[in-house]
Each structure stands twice: as structure tokens, then as C-alpha cells.
Amino acid sequence: MSTLEIKNLHASVETPDGTKQILKGVDLTIKSGETHAIMGPNGSGKSTLAYSIAGHPKYTITEGTVTLDGEDVLAMSVDERAKAGLFLAMQYPVEVPGVSVSNFLRTAKTAVSGEAPKLRTWVKDVKKSMDDLRMDSSFAERNVNEGFSGGEKKRHEILQMELLEPKIAILDETDSGLDVDALRIVSEGVNRVKENTGLGVMLITHYTRILQYIKPDYVHVFVNGRVAEEGGPELAERLEAEGYDRFLVDA
Amino acid sequence: MTVTDHTRATADAAHSHGVGTAPDASRADRPTSFDPEVFGVPNGREEQWRFSALADLKPLLALEGGEGHLAWDVPELPAGVSFVEVPADEAQARSVRAPGDRASAVAVARSGGAMALKVDANAVIDEPIAIGMHGAGEDVRGHLLVEMGPGAEATVVLTRTGSAQYSEFVSVDLGDNAGLNLVLLQQWDADAVHAGEVVARLGRDSRLRGSVVTLGGKAVRLNTSAAFAGEGASVDLFGLYFADAGQHQEHQLFVDHAVPRCTSRVTYKGALAGKTARTVWIGDVLIRKEAEATDTYELNRNLVLTDGARADSVPNLEIETGEIEGAGHASATGRFDDEQMFYLRSRGISEDEARKLVVRGFFADLIHEIGVPAVESSLMKLIELELEQIEEDEDA
């Protein structure tokens with residue numbers, strides 16, 4: 001049982017016009033097996049929240065705490081956070097030329113678990129996970145994200161999530177740019193990992209469509225750098241009907 | 001040999017060119033000569049010197065000095081292979097052509113003769129001939145002949161270590177149907193300065209595989225030319241370089257397709273790390289009117305690992321006939337940037353390991369092309385030492 005606890009998190013970013021405060025006091029607790037949907041309009045700071053937790057150097061934490069099972073996440077380096085059990089599925093996965101997917105996955109798995117995976121079971125695990133995500137075996141020999149379509153990149157993110165077995169995963173707009181078939185495949189993957197490992201999920205999305213496939217336990221409406229309203233799945237339905245206007249006026 | 005006439009002809013041609021600053025009208029017009037004065041002293045505006053580390057190379061352009069020696073470590077040679085000293089006049093006559101710039105003309109003029117490695121006609125040497133050249137900080141000029149008799153086959157590995165101020169002219173002569181795998185390893189100490197010109201002439205149906213690996217040295221400028229003298233020959237030129245702070249590494253290539261039905265491939269890859277790391281790659285290919293059915297491709301890739309490094313890459317393709325199989329080139333310089341680093345680290349991979357992963361992937365294919373297992377296996381380790389160097393620089 002793991003708990004990711006975010007308290008009063010403030011983060012800023014340097015822009016040409018000076019320092020800009022983006023996160024303005026985020027409180028959020030995610031436990032194993034729970035799925036929290038973070039919904040909000042563009043520019044509300046959802047992605048900043050994801051990157052701040054993962055430790056992207058672009059963002060400066062100015063106040064607040066993030067802990068995973070009581071350990072201070074903000075004191076950890078980026079790779080230490082991954083080793084501690086955090087995973088960020090990125091909205092725009094980065095191309096890494098010259099590094100094959102299979103080499104990348106094996107290196108990451110070795111780093112996260114502290115020892116090289118047993119070859120025979122590893123090859124089997126990779127193959128099964130790729131099959132489940134409808135990824136052709138030729139993917140393994142391609143360079144990381146190089147020339148991947150949008151859908152392929154997102155499936156590759158979920159593949160990593162399944163193989164690295166994190167405690168808590170943050171999915172940053174994993175649904176954006178996907179057609180319904182790809183969305184279904186990716187969602188099935190997330191649900192499978194949840195079922196198998198008890199993963200806790202922070203599901204960041206702009207649209208409600210993915211919530212038909214991944215059922216959230218909690219919905220948080222994110223506006224102007226903080227959580228403006230919280231509720232159950234019914235809140236998502238209300239957002240679907242009313243949009244974000246109500247919150248924008250308040251902001 | 002016909003070298004003398006050729007020298008005169010090109011020396012004459014040099015008068016009309018002088019020390020120009022404009023790019024050559026054709027790569028074929030560049031002078032070659034055993035007389036250093038034909039070239040004048042470069043001022044850094046010449047096409048072939050404009051990216052060079054002239055300040056470091058300057059002592060190698062003077063018509064003085066160079067009395068020192070490298071210590072040669074020559075193994076016991078198999079039957080059919082000889083390695084002997086050749087007097088200066090004979091060495092010039094046996095060279096496949098005259099030097100193409102002042103540095104190598106000075107190297108010949110001041111070397112006082114050449115070392116000649118000769119493989120007899122039809123001798124097939126299975127084991128690589130590994131020769132060490134070690135510098136003890138001296139000022140050295142060298143002239144080397146590698147001569148493959150018709151039908152001969154061999155692999156020759158020259159490993160340069162230690163420190164020196166060294167310039168050299170290496171003539172490589174492949175007889176008809178000969179095969180040579182020539183590997184030049186620059187593993188100099190950090191203060192070495194090296195200017196070299198390797199010129200190869202390929203006889204009919206001959207095959208040259210040439211690999212250059214430059215890791216060490218303060219300034220290394222190593223140029224390779226290959227000229228086809230007979231039909232059906234092929235050349236593969238591979239290069240791997242890794243420059244870190246304070247290093248300037250330059251590789252110029254010239255493949256001269258003068259006869260029909262020859263194939264050339266040039267593949268050079270370099271990594272750079274450290275604020276003042278500098279690399280230069282210039283790849284010239286000339287397909288002359290007579291060279292029908294030519295097939296050529298040249299490629300240069302550079303991977304910049306840290307801020308402040310600079311890689312220049314200049315491919316030139318000059319085609320005088322349309323009757324060719326194929327001709328192309330590609331050049332790309334990519335940066336291993338913060339976003340790639342973040343992506344890999346967000347998967348638990350440490351900063352050091354992330355760089356290794358990327359650099360290993362970048363060089364892996366190329367290393368396997370060298371075709372000498374002992375060299376291939378030691379190279380990855382040497383590259384990883386280069387990476388550790390970056391980490392030390394960063395910590396400093």
C-alpha cells in the first residue's frame with residue numbers, strides 16, 4: 001500500500017517576462033489502487049503538476065511538500081523518483097536517436113529494480129506486454145520514439161509503465177490525439193496494470209472521453225494552479241455537460 | 001612510376017591558383033606536390049584550412065625541426081610481409097601521389113626517408129598486423145608506405161599512443177584485386193599534435209576498408225584520400241571520433257572516382273563533450289566524366305553531448321557524368337538535450353548511464369564495421385573512459 005501525498009504545492013517557471021507562478025497550493029493524496037482524474041482547462045497548470053512531481057528542472061518548487069510513503073520526493077533526483085516508484089507517462093514523449101526500445105526498456109528496468117531482469121522471463125514479459133498493446137515486435141528494434149505516430153508513442157509509454165511496475169503513475173494527457181481504437185488499447189493497458197499491481201493513478205485529461213474507459217474514483221477540477229472542486233465520477237459528467245466556464249468565472 | 005610527371009603538372013597548375021581564398025572550382029584542381037613551397041604557409045582562409053587548429057599545427061608547417069622519432073613496436077612479421085626503411089628519393093617515387101597540403105609535404109621533406117610495409121603479391125595474411133607507434137614528446141615527421149601486391153590480403157592496425165608533435169604522409173598502394181583493412185587509431189595523450197594525410201590508390205577490383213579512430217590528442221587533423229585507378233574497385237572509409245574539452249579533431253575525406261564501375265562509402269561519426277570540444281568533417285566526392293556506373297554515398301553524423309561544443313560538417317559532391325548508379329550524402333549534427341536526458345532519467349536511468357546509453361547506441365553499428373575483433377572490443381571501453389572524462393570535467 002503506497003500513498004503519494006501532495007501538500008500546499010507551489011511551483012514557478014522562469015519566462016522571458018520574469019518568474020511566473022503556476023501552481024498555487026495543490027493538495028492531493030493518491031493511494032494504491034485509486035484513480036484520480038485531474039480535469040481542467042488548458043493552461044490551468046495540470047502538466048506543470050505532473051512535471052513538478054517528476055522533477056523536471058524547468059520548474060522550481062517554491063513551497064509545499066510531496067511525499068511517497070513518507071519519503072521526501074522533492075529531495076530526490078529525477079531518477080531517484082522513478083526508483084522510488086513514481087512514473088510519468090508524458091504527453092509528448094521524447095525521441096532518443098540511437099537507442100533501441102529494447103535496450104532502453106532493459107536499461108530502465110535494471111535501473112529501477114536495482115538488478116538486471118532475468119533474461120528469459122524478461123523477454124517473455126516484454127513480448128506479452130507488447131502483444132497486449134498491439135505493438136508489433138519490430139518496435140523493439142526501433143529507436144525510442146523516433147518516427148513513432150502519436151498513438152505509438154502513447155502505447156510505448158504504457159508499455160514502460162507496465163514493465164517498470166511503479167507504485168503511482170501520472171498519466172499526462174495520455175488520451176490527447178488518440179483515435180477511439182488507440183484510446184481503448186491504451187485504457188485497457190492502464191486497467192490491466194491497475195488490476196495486476198494495484199497501481200495508483202493520477203489521470204490528467206482535458207476531455208471526459210477517456211473516463212468511459214478508465215473509471216475514476218475521484219475527480220478533481222484543476223483551475224488556475226490549484227484544485228477548485230473535488231467529487232466522485234458524477235463531477236466528470238457535470239463537466240461534460242457544463243464545461244469549465246463556471247470555474248473560469250470564479251477564477 | 002609516373003609520379004614525377006604528375007608532380008610537375010600539378011605544381012605548374014598551382015601557379016595559376018596561388019594561395020586563393022575562394023573555394024576551388026573543382027576538387028580536382030587542388031595542387032599536389034613534394035615541394036612544400038608550392039603550397040605556401042596557410043593563413044586559415046584557405047578552403048582546406050579554414051576550420052583547422054592552425055595555431056596548434058603551425059610548428060608542423062615549418063621547414064625546420066622534426067628530428068625526433070616515434071618508437072615503433074613491430075611484431076614478428078609473417079612470411080610475405082616486410083617492413084623496411086626506404087631512402088627519401090625512392091620513398092617519393094614509390095608514393096602513389098604527391099602530398100596534397102603543406103603539412104604532409106613538410107612531413108615528407110623532413111622525414112629523411114620512409115618506412116615501407118609491403119605485402120607480397122597473392123600473400124593472404126589472416127592475423128592482423130598490429131604496429132604500435134609511441135611518442136615520447138618529440139617533434140617527429142614521418143613518411144609511411146603501405147604496399148599491397150596484386151591479390152594480397154591483409155589487415156593492418158596502427159596504434160598511436162604517447163605524445164608527439166607529429167606530421168605524416170601515408171601512401172597506400174593497392175595492386176589489382178588486393179584487399180586491405182587499414183585501421184588507424186589515434187590514442188594520443190592529451191597534449192599531442194598530429195597532422196596526417198593518407199592517400200590511397202586502388203588498382204582494378206581492389207578493396208580498401210579504412211577506419212580512423214580519433215580519441216586522443218590536443219589537435220588532430222587526419223585527412224584521407226582514395227583514388228580509383230582501375231575499374232571494379234571499392235572503398236569503405238569509416239571514422240569514429242570523440243572530442244572533449246580542449247580537443248580539436250579534423251577529418252577531411254576525398255574520394256576520386258576517375259574510372260568506371262567503382263563503389264565508395266564514407267561513414268564518419270563523432271561525439272563531442274565539453275565547452276571547447278571541436279570537430280571538423282569535410283567529405284569531398286568527385287565523380288569524373290569517365291567514371292560511369294559509379295556508386296557512392298557519404299555520411300557524417302555528430303552527437304553534441306554538452307553545451308559549448310562545436311561540430312562542423314561539410315559534404316561536397318561533384319558530379320561530371322549522369323551515367324551513375326547512385327550518389328548521395330547526408331550530414332546531421334544532433335544534440336543530446338535536456339529533454340532527452342529528463343526522459344531517460346524519469347525512467348530511473350542515472351545521468352551517467354543515460355549518456356552511455358546514447359553514445360553506445362550512436363557508435364555501435366560503426367564499431368562493428370572496423371572488422372578487427374580486438375579493436376572493436378577495446379573501443380567501447382575507451383569510449384566509456386571518454387564519458388567518464390566528461391563527468392570529471394563537470395564535477396570540476
Side-chain angles (χ1 to χ4, degrees), chain A residues 50-59 76-116 141-146 153 156-157 159-161 163-166 169-170 172, chain B residues 240-242 267-273 299-307 311 313 330-369 379-380 383-384 386-387 391 394-395:
Chain A
Y51 280 96
S52 296
I53 297 167
H56 196 287
K58 191 173 146 192
Y59 303 101
M76 299 177 194
S77 67
V78 176
D79 41 301
E80 283 168 350
R81 295 179 197 205
K83 287 179 196 163
L86 290 174
F87 182 88
L88 169 62
M90 296 190 197
Q91 184 179 0
Y92 303 109
V94 181
E95 293 185 8
V96 189
V99 178
S100 69
V101 167
S102 78
N103 191 8
F104 166 61
L105 292 174
R106 199 175 51 245
T107 305
K109 182 67 179 175
T110 303
V112 163
S113 55
E115 58 178 357
E141 299 319 312
R142 290 170 68 182
N143 288 333
V144 171
N145 293 321
E146 201 176 56
K153 283 180 181 169
H156 180 227
E157 295 292 285
L159 173 70
Q160 295 167 49
M161 186 179 80
L163 293 168
L164 297 180
E165 301 176 278
I170 302 162
D172 185 16
Chain B
L240 184 161
Y241 46 93
F242 196 134
T267 309
Y268 269 60
K269 284 186 169 189
L272 298 88
L299 174 141
N300 177 229
R301 292 249 183 282
N302 295 295
L303 176 65
V304 179
L305 291 164
T306 63
D307 285 337
S313 178
S331 157
T333 296
R335 196 172 142 55
F336 180 53
D337 63 23
D338 295 346
E339 293 303 321
Q340 289 167 326
M341 180 62 94
F342 175 74
Y343 188 73
L344 294 175
R345 292 187 71 191
S346 76
R347 273 43 175 161
I349 301 167
S350 70
E351 198 170 336
D352 303 351
E353 193 60 34
R355 277 212 195 91
K356 274 186 198 158
L357 190 66
V358 167
V359 171
R360 272 197 214 118
F362 181 69
F363 284 132
D365 297 350
L366 186 61
I367 287 176
H368 292 309
E369 295 287 359
L379 252 184
M380 219 17 126
I383 288 168
E384 280 169 16
E386 293 280 328
L387 288 166
E391 286 145 27
E394 282 189 345
D395 293 342

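Lettering of chains follows the sequences in order, A, B, ..., and the numbering in each one begins at 1. Below, each value reflects all heavy atoms present in this structure, side chains not excepted, and no hydrogens, waters or symmetry copies.
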Exercise. How about B/Asp337: does its CG atom have over 12 heavy atoms from other parts shown lying under 6.0 Å from it?
Worked result: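 Above 12, so yes.
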Problem set entry | Aromatic plane relationship, A/Phe104 with B/Tyr343 - under 30° parallel, 30 to 60° tilted, over 60° perpendicular | parallel
Please look at [X] and chain B and tell me whether the side chain, the backbone, both or neither of the residue comes under 4.5 angstrom of a heavy atom of that chain.
X        : value
A/Glu95  : backbone
A/Asn143 : neither
A/Pro166 : neither

Problem set entry | Part of B/Phe362 lying under 4.5 Å from any heavy atom of chain A | backbone
Exercise. Between B/Asn302 and B/Tyr241, is any side-chain donor less than 3.5 angstrom from a side-chain acceptor?
Worked result: yes
Exercise. Passes salt bridge (charged side-chain N to carboxylate O under 4.0 Å, His left out), B/Arg347 versus A/Glu157? Steps please.
Worked result: CA-CA 10 Å; B/Arg347 273 43 175 161; A/Glu157 295 292 285; 2.6 Å; yes
